[in-house]
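Everything below concerns the one structure shown next.
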Amino acid sequence: MRLSDPTLSDLAPSVRRPGYDRAAVTPGIVHLGIGAFYRAHGAAFVDDCLARGERDWGIIAASLRSPETRDALAPQDGLYTLVLRENERTQLRVVGAVQEILVAPEDPQRLLDRLSDPAIRIVTLTITEKGYTVDLGSGALRRDHPDIQHDLASPQAPRSALGFLIEAIDRRRARGHRPFTILSCDNLPQNGRTLRRVLIEFAGLRSADLAAHVESEVACPSSMVDRIVPATTPADKAMVADALGLEDAWPVMGEPFGQWVIEDVFPSGRPALEASGVEFVADVQPYEHMKLRLLNGTHSSIAAIGRLAGLETVAEAIGNPAVRGFIERYWTCAIPTLTLEPARAHAYTRQLLARYDNTALRHRTAQIAMDASQKLPQRIVAALRDCLARALPCEPLIFAIAAWIRSCGGLSDAGAPLPLNDPTFQAWSGQPDQRAATPREVVAAFLSLTSVFGEDLPRHAAFVAALEGYYAAIARDGVLAAIAARFA
Ligand code: CS2
């Protein structure tokens with residue numbers, strides 16, 4: 001038997017279920033990018049609001065690409081299990097906030113209709129870094145991106161997130177409806193501001209009028225989101241079926257820790273998420289820097305190091321004394337770049353160590369390594385730039401970049417194939433052959449990636465020399481030996 005509305009009453013009693021009448025819920029949110037992260041984070045916070053009686057904030061979710069999530073969840077009436085795990089402890093909960101799942105490429109019109117419905121007051125996004133079609137080096141729209149080109153030529157049947165948002169904003173304007181507030185939940189620097197900039201630029205390519213409307217009427221609060229969500233495995237599904245007494249085609253896994261900090265700018269209203277533990281603040285940036293630079297920066301470092309060294313999960317990597325010591329040194333360097341009080345940042349890193357040590361998560365380094373070229377600028381390079389400008393120590397940050405470069409070469413230290421999953425990087429024609437080129441040639445080639453390094457870093461002689469030195473050491477000795485010799 002499958003999890004669904006009619007079978008909810010058959011659930012094992014230990015499993016928490018939606019404590020409200022789902023049939024009485026009406027939609028108020030459209031979510032773009034219905035992946036595991038949103039289901040384990042944002043949707044669970046909204047589910048709590050629905051359970052408290054805020055019935056007009058149901059979620060219409062859309063996938064901008066694949067039908068997989070819809071195919072898994074539609075036969076379950078949108079229900080799915082959220083499993084929160086920490087070492088030996090496991091909590092299960094069925095989330096009921098998702099009312100419908102659309103697959104944008106199958107029927108773009110239907111998604112536009114939903115987005116144009118005045119009942120929709122918020123659009124949330126988890127479309128990953130590359131979904132913003134932004135050049136992270138400059139913050140400008142990637143006008144040459146094929147989806148952007150397509151959406152300018154065919155605004156009525158868009159493909160990109162920006163294409164859907166702008167067309168819907170335009171339709172709402174034509175009908176005299178207020179725009180929705182757009183809440184980015186991706187790990188981008190100043191995600192709301194970054195989004196707003198490319199939205200206005202994209203709208204301007206359609207008409208100056210539309211750009212002015214977006215500029216004056218559309219709010220894009222920034223937010224910081226945090227919960228570690230490893231990809232679901234077949235073993236996870238079997239465990240959930242056992243615990244539920246019902247099949248769930250796609251449960252999501254996460255850690256109990258969950259944080260969401262949001263700038264409180266919602267001119268069209270919002271649910272009382274603060275009652276679900278969300279923090280509303282005037283300025284998200286201190287939190288975002290803390291999270292991107294301390295968590296995501298070390299995550300991406302662990303991903304590159306772990307893959308080179310054959311360490312499969314974050315827990316396995318952080319359990320290695322050399323890697324652990326390196327990560328602690330990394331934090332010591334990154335903390336002075338934050339505006340937050342150091343005591344708070346130190347408490348956060350202590351908590352991070354415990355989160356990384358969580359052996360129940362099995363968070364794979366290969367999962368985090370995905371799309372690395374889109375992640376490094378805000379996670380590592382931004383903090384590095386601050387350190388260089390203030391002459392602060394930053395060796396571990398440079399080393400992490402060297403490890404990433406080496407991990408792009410396609411082979412682990414033991415010579416095993418290291419498949420890349422980073423389409424933007426793979427589309428780059430300047431990739432050197434790391435087996436044939438000298439360290440200097442490899443580093444010079446990578447530094448020409450301005451979307452990662454900007455125009456400034458390739459000219460910073462001390463940085464370039466350090467990067468070459470670390471890269472050469474990793475290539476010669478292997479990443480763990482290189483760490484042990486320098487950061488032990
Ligand atoms: C990770 C993040 O895959 C990745 O790049 O660094 O998904 C990370 O787990 C989350 O941002 C934690 O909130």
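Counting convention: from 1, in listed order, for ligands and their atoms alike. In this text, all values refer to a predicted model and were calculated from it rather than measured experimentally.
Contact shell of ligand 1 (protein heavy atoms, cutoff 4.0 Å): Asn187, Val225, Asp226, Arg227, Ile228, Lys291, Asn296, His299, His363, Ile368, Lys375, Arg379.
The environment of CD in Gln351 is crowded: more than 12 heavy-atom neighbours from other residues, nucleotides or ligands sit within 6.0 Å.
Ring centers of Phe326 and Phe399: under 6.0 Å apart, within the cut-off. Taking the centre of each ring, His299 and Tyr356 come in below the 6.0 Å mark.
The side chain to side chain donor-acceptor pair (under 3.5 Å) test with Asn187 singles out one residue from Gln378, Lys291, Gln374, and that residue is Lys291.
Arg52 and Ser276 share a side-chain donor-acceptor pair at under 3.5 Å.
Scanning for side chain to side chain contact (heavy atoms under 4.5 Å, CB included) contacts around Leu388 gives Leu384, Cys394, Leu457, His460, Phe463, with sequence neighbours left out.
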